[in-house]
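The block underneath contains the structure these notes are about, expressed in structure tokens.
In this text the structure is predicted, and so the values were computed from the model without any measurement. Throughout, protein chains are lettered first and strands after them, A, B, ... in sequence-line order, and every chain is numbered starting at 1.
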Amino acid sequence: MNPETRSATPPAPAAAAPPAEVMVVIDDDYAMRLSCRQILTKMGYRVEVFEDGAAGLDGVARSKPPLVVVDLKMPGISGQEVIARVHELDPEIVIIVITGYATIATAVEAMKSGAYDFLPKPFTPDELRLIVGRGLERRRLQQEARRLQLERELLKRKFITFVSHQLKTPLVAIHQYLDVLLRLGDSPTAAEKRDEWLGRCIKRTEEMQDLIRDWLTLAQAEGGALTRHREPVDLGHLLQQIALTYEGLVSSSELALQCAIEPGALVVQADRQALSVLFDNLITNAIKYNRPGGSITVYGGEDAGEIRVSVTDTGYGIPEDARPYLFDEFFRVGGTAAPRTSGTGLGLPICRRIVTELGGTIEVTSETGSGSTFTVRLPVGSATPPQPGAQG
Amino acid sequence: MSRKVLIIDDDADFTEAVGVYLETHGYQVISAPNGREGLRLAKAEAPDVVLMDVVMDERTEGFFTLQQLRRTPGLERMPVFVVSSIYSSVPGFSITPEKSWLRHDDFIAKPVDLPRLLELIDARLNQAGTANASGGAA
Ligand SMILES: Nc1ncnc2c1ncn2[C@@H]1O[C@H](COP(=O)(O)OP(=O)(O)OP(=O)(O)O)[C@@H](O)[C@H]1O
Ligand SMILES: [Mg+2]
């Protein structure tokens, strides 16, 4: 570091090393307080000691320590009560009870009322260190679990809020069309607009149907229900079959679709319907986000012990900054590069879910402006059906 | 000259239905499918009122656009109604206009109650005073 800058700037505030955590010790025995303080200070904590329950509780309320060491037998407020009151303040505080031999039964009681563990007197510094370390670790794990739980709930809420907005949007459009038509009565404007608007209303109800269908499919895939009935499926054959069903859409979109399937059976152990949902989604995207005159290539082959299927299009491609979010629920690439298309943004999340359930991977490469390739890799399945019962 | 309403909404059907209704009530209607285009029209066309959706390409595009509009010299006081279906009073999922920094009466829930929309626009225009008074909506 430049010595000048160093002398010019005051030392950085505590940011470098966070302030040590405070531990609270409540014990009426002076020697006990002293040795606990020494041991815990050596562990790197700041220690506050109190000689009775009332003062100790004040200290806990003030310092909000992660851990409290408390003697069970004290004049004034009992250790039992201290435990209860500390947990009233914050149920996550770890409480370690110190007790004489004679009161093991009481110590057990204390643990029943929420203490984490107890330490019979006399104890060695190592014993206290061990128990404190374990207690803090458990607290960390609990907090972590709670954070994850909270995150999950938040995500679920966000999802529900989003679905309801996605359902409301077409409903609002339909409502507004019908309402205006009613209000316009048999005016010339109404006569002129009626058929077109009713057609639009039907389109919007279809949008809602799609959303509900995709939403259910996603839920199904998430529960594993979509991939439960596994059988050997020849992917080469299945892909050809799927491609056939797109002939009409492909030609009406002025596109060309070709299948490049390597010879030999490409067998995977999978649910036939799930595979159809998977490749339907990828091929539909390759059609939807393509341009007249473009093409779609479906490749299937075996590669390093895996079955590899890729769907390549010559469409708009996917901007690099959007790629990390492609498989997120409801994500759709915004902006102006590609024209607006309808869609739920659930297609790729469904694909990812199915592939994961089948023990495979899905990834995308793309060149903005010239096309994308979605590649699915699945474990090779054996051509003979599994023994009955092997399916769980 | 009739009053001009700018509808900024990414739902073309919503814009069409509400736009035609406003037209039959004597308003001139222009529209934009996103905030960027909306901002451009707000500057170029000097509408008397703006109806603005919230959730467009970006989740809060409407609020963002409104903020930009308010920072544009000359448009600070342009009457804007935020029109959205994001608001909900269901406990646990409630988003209310009071929670945002909007004035209560600047907010209109979707689906829009059309006669009420006319009233609100009228009231706002009359309130906006002589500076904007240039002619009649029916
Ligand atoms: N082959 C592709 N080329 C370009 N963009 C794509 C391609 N596939 C997906 N995308 C982009 O990723 C977004 C998410 O795709 P996804 O399949 O999840 O939803 P969707 O196609 O919008 O809706 P749905 O599949 O439910 O009809 C799309 O909106 C599109 O912007
Ligand atoms: Mg799709």
Flag the pair B/Lys110 / A/Leu171 as yes when at least one side-chain heavy-atom distance between them is below 4.5 Å, and no otherwise.
no
What I'd like to find out is whether the side chain of A/Trp197 reaches to under 4.5 Å of the side chain of B/Asp13, using heavy atoms alone.
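The answer is no; the side chains never approach within 4.5 Å.
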Between atom [atom1] of [X] and atom [atom2] of [Y], what is the distance when rounded to the nearest 0.5 Å?
X	Y	atom1	atom2	value
B/Phe14	A/Arg204	CZ	CZ	11.5 Å
B/Ser84	A/Lys168	OG	NZ	8.0 Å
B/Thr15	A/Gln176	OG1	CD	10.0 Å

Got a sec: does the [atom1] of [X] have more than 12 other heavy atoms crowding it under 6.0 Å?
X	atom1	value
A/Glu367	CD	no
A/Glu320	CD	no
A/Phe331	CZ	yes

Toward chain B, the part of A/Thr169 with a non-hydrogen atom under 4.5 Å:
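Backbone plus side chain of A/Thr169, per the 4.5 Å heavy-atom cut-off to chain B.
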What part of A/Lys203 gets closer than 4.5 Å to chain B, counting heavy atoms only: side chain, backbone, both or neither?
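Looking at A/Lys203, nothing touches chain B.
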Verdict with supporting geometry, B/Asp11 and A/Val172, side-chain contact (heavy atoms from CB on, under 4.5 Å)
CA-CA 10 Å; B/Asp11 194 316; A/Val172 164; over 6 Å; no
Looking at A/Arg200 and B/Glu16, is there a salt bridge between them, counting it only when a charged N and a carboxylate O are closer than 4.0 Å?
no
Could you tell me which non-hydrogen atom of A/Val180 sits nearest to which non-hydrogen atom of B/Leu114, and how far apart they are?
CG2-CD1, 3.5 Å
